[in-house]
Amino acid sequence: MNKGNQFQKAAMEVKTAQKQLDELVPGKVKVSAEYDHERKCYILVGSYLAYYDYAPKGGACTWTEAIDRFYTDCKLFVGFFKQRAKFMNASIEEQIAFDGHPATF
């Protein structure tokens, strides 16, 4: 797949993932795509804020997935956030008070 086709696929996946995440965790995740010159592929990037012990308090975090030859769709990428949706939709105070893993909230 050439870089132009990769860009089109990445743009489509950004749009698809953003739509799903806007329903799941409204306003919490900004999806974008970046080209990785080493891997020669685009990477989906989900940027969000985190409020738990092993992340900077209120710090910006990212979750990524390569759109490479093994990539099929954004289900795995969205699944990361789906697993943490209850935590991400909780208030900042509830997130800070919780001392478990966000996936177990």
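Everything numeric here is computed off the predicted structure, so don't read it as measured data.
With sequence neighbours excluded, no residue satisfies side-chain hydrogen bond (donor to acceptor under 3.5 Å, both in side chains) with E65. In terms of the side-chain hydrogen bond (donor to acceptor under 3.5 Å, both in side chains) criterion, residue partners of Q18 (sequence neighbours excluded) are, by chain and number, D22.
Hydrophobic clustering (side-chain heavy atoms under 4.5 Å, transitive across Ile, Leu, Val, Met, Phe, Trp, Tyr) groups M88 together with L24. A single hydrophobic cluster is not seen to contain both L44 and M12; linkage of ILVMFWY side chains at heavy-atom distances under 4.5 Å, directly or through other members, places them apart.
Judged by distance alone, the side chain of E13 and the main-chain N or O of C74 form a donor-acceptor pair under 3.5 Å. Using modelled atom types, no side-chain atom of N5 and backbone atom of Q8 make a donor-acceptor pair closer than 3.5 Å. Listed for the N89 side chain is no donor-acceptor partner under 3.5 Å among the backbone atoms of K28.
Considering all non-hydrogen atoms of both residues, F105 and E94 come closest at CE1-O, 4.2 Å. The two residues D68 and C41 have their closest heavy-atom pair at CB-SG, 4.1 Å. Contact between V14 and V31 at its shortest, heavy atoms only, is CG1-O, 3.5 Å. Closest non-hydrogen pair, Y42 versus A33, comes out as CD2-CB, 4.3 Å.
Contact check for L76 versus Y71: no side-chain heavy atoms found under the 4.5 Å cut-off. Looking at heavy atoms from C-beta onward, H101 lies in side-chain contact with R84 at the 4.5 angstrom threshold. Between F77 and L21, some side-chain heavy-atom pair lies under the 4.5 Å cut-off. Using a 4.5 Å heavy-atom threshold, the side chains of S47 and T62 count as touching.
We find the OG1-CD distance between T104 and Q83 to be 9.0 Å, quoted to the nearest 0.5 Å. Interatomic distance, OG1 of T72 versus CD1 of I67, reported as 11.0 Å (0.5 Å rounding). Of the inter-residue distances, the one linking I43 atom CD1 with D36 atom CG reads 4.0 Å to the nearest 0.5 angstrom.
Between Y48 and F81, the ring planes are perpendicular. Angles over 60° get that label, and only those under 30° would be called parallel.
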